[in-house]
Amino acid sequence: MSIKDPTDLGKTRLLEIDRNRNALLVGVYKSKEEKNITLEHLDELKSLAATFGLTTIDKICSPIRKIESSTYLGSGKVSEIKDLCEKLNIDIVIFDIDIAPHQQRNLEKEIKKTVIDRTELILGVFAIHARSNESKLQVKLAQFKYELPRLKRMWTHLSRQRIGGKSGGYLKGTGEKQIEIDRQILKKKISDLQKDLDKIKEQRLLLRKKRKKFEIPSFAIVGYTNSGKSTLMNALTDANVLVEDKLFATLDTTTRKYYLPNQQQVVLTDTVGFIRKLPHTLIAAFKSTLEEAISCDILIHLIDVSDPKAKVMAEASLEVLKELKADKKPIITCLNKVDKVYDQSFITYFKLNYPKTISISALKKEGFEDLMDKMIQEISNLRKIIKLKIPQSYYKLVSEIIKKGRIISLNYEENDILIEAEVPKMLQKKLEMFIV
Ligand code: GDP
Ligand code: MG
């Protein structure tokens with residue numbers, strides 16, 4: 001690969017690859033007990049590859065005793081992969097582990113095919129799904145950060161080509177210099193992008209403050225990718241979010257108003273899903289969106305309970321929530337896809353081990369009453385019921401209570417209004433002097 005134009009820098013190579021290609025997946029395990037987990041991860045990698053448009057032809061799940069510093073795998077394994085690539089007409093080899101930039105270079109040299117790792121594949125998937133300006137910038141930022149230590153591979157063709165030539169030594173030096181120049185350009189791009197993203201973040205912060213001022217309880221639907229978050233969002237609101245049996249179909253968050261059966265207004269946010277081994281470059285790049293998404297009052301943790309891997313997926317999601325410091329918020333555990341559950345013991349497991357668990361089918365719109373009940377209950381946990389005596393001349397305050405809280409009873413007594421109401425925390429302060 002050669003770079004003619006410096007603006008090409010940081011473009012993931014993956015996007016330049018024709019997406020209708022054949023892939024070979026490679027996973028490794030250290031102990032026998034790890035083998036099954038590795039196989040599961042390879043399944044997930046296959047879905048990621050399919051989402052990107054690659055066809056998985058074969059998988060290799062190999063035990064590994066010692067990591068070879070130059071090629072990660074031992075030479076025997078590497079030549080086995082090379083032969084398999086030729087035999088099966090493979091175009092691209094995808095490792096389920098993070099391989100170092102120099103190992104990747106060496107593997108490509110040996111195998112003579114494009115070699116990528118899980119992070120690069122996820123970056124590619126994110127890149128093709130980014131819709132909004134912000135998510136496009138975020139993906140770019142993650143790509144640049146990923147490419148920075150890998151610039152060398154783009155120039156190896158130069159060094160290799162000319163090493164044998166008359167002035168090989170000199171030209172090789174040129175290659176090295178070029179890498180340094182590119183590195184500086186890329187670093188500058190990274191800091192520019194960061195600034196652009198900071199600006200967008202500021203704007204969003206303003207919006208969020210505005211929403212907070214209105215004290216409307218907010219819920220975020222979070223969970224593993226493909227658990228049905230967007231399906232639930234669409235079933236409840238008119239959001240019309242893209243639903244696909246693909247990983248990371250949704251990168252942008254969508255927020256909509258929703259009225260609970262008791263006429264309580266709430267806001268619902270659909271979020272990007274989580275995945276095991278989510279690349280750090282991506283968490284970092286998406287941190288502000290994720291934080292924004294979960295800067296809500298209550299989380300709805302959606303779990304695809306029909307998936308045999310439901311338990312580890314749920315744990316992985318909680319891990320990410322922890323990383324984003326959102327694990328202390330009230331969480332409603334919402335088991336989804338109960339219409340196709342094959343193992344009922346999963347439901348029991350979650351009911352015993354997770355807080356506030358209910359079951360639904362977002363697709364069939366079943367179990368929604370339970371979900372609503374839990375939502376109402378959680379809101380009232382956030383709020384307090386108080387009794388007030390307010391002079392009638394303070395009618396503005398009364399209408400604020402009606403708007404932001406829930407009136408339980410309202411009576412007139414001479415010039416005062418007697419109110420029993422459930423009110424949000426913020427309003428409680430303002431009402432302090434009228435509490436009876
Ligand atoms: P997201 O990645 O969490 O937003 O998941 P999506 O909402 O895009 O859904 C992923 C896939 O799961 C789609 O094919 C949905 O049709 C399917 N799905 C969602 N909810 C249910 C459900 O309750 N039952 C069944 N059987 N499939 C569902
Ligand atoms: Mg979605």
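Whatever order the structure lists ligands and atoms in, that order sets their numbers, starting from 1.
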inquiry  = Test of understanding: given a 4.0 Å heavy-atom threshold, classify the contact between Asn336 and ligand 1 as side chain, backbone, both, or neither.
reply    = side chain
Side chain or backbone, does [X] bring an N or O within less than 3.5 Å of an N or O on ligand 1?
| X | result |
| --- | --- |
| Ile360 | no |
| Lys337 | yes |
| Thr231 | yes |
| Leu363 | yes |
| Lys340 | no |

Asn336: partners by side chain to side chain contact (heavy atoms under 4.5 Å, CB included), with sequence neighbours left out = Leu302, Ile360, Ala362
ask   = Who are the side chain to side chain contact (heavy atoms under 4.5 Å, CB included) partners of Lys77, not counting sequence neighbours?
value = Ile60, Ser62, Leu73, Glu80
request  = Run the numbers on Arg118 and Asp96 for salt bridge (charged side-chain N to carboxylate O under 4.0 Å, His left out), then give the verdict.
outcome  = CA-CA 5 Å; Arg118 185 184 171 88; Asp96 191 47; 2.9 Å; yes
By number and element, which atoms of ligand 1 are closer than 4.0 Å to a non-hydrogen atom of [X]?
| X | value |
| --- | --- |
| Lys229 | 1 (P), 2 (O), 3 (O), 4 (O), 5 (O), 7 (O) |
| Asn226 | 1 (P), 2 (O), 3 (O), 5 (O), 10 (C), 11 (C) |
| Gly228 | 1 (P), 3 (O), 5 (O), 6 (P), 7 (O), 9 (O), 19 (C) |

Can you tell me how far apart [atom1] ([X]) and [atom2] ([Y]) are? Round to the nearest 0.5 Å.
| X | Y | atom1 | atom2 | answer |
| --- | --- | --- | --- | --- |
| Ile376 | Asn381 | CD1 | CG | 12.0 Å |
| Ile419 | Leu410 | CD1 | CG | 4.5 Å |
| Asn20 | Leu54 | CG | CG | 8.5 Å |

query = From Ser230, does some N, O or S atom reach closer than 2.8 Å to the Mg ion (ligand 2)?
reply = yes
task = Test Phe95 against every option in Leu107, Leu25, Ile116 by the side chain to side chain contact (heavy atoms under 4.5 Å, CB included) rule and name the one that passes.
result = Leu107
ask   = Is it the case that Arg256 places NZ or CZ above or below the six-membered ring of Tyr258, under 6.0 angstrom from the centre and within 45 degrees of the axis?
value = no
query = Is there a heavy atom in Ser227 that sits closer than 4.0 Å to ligand 1?
reply = yes
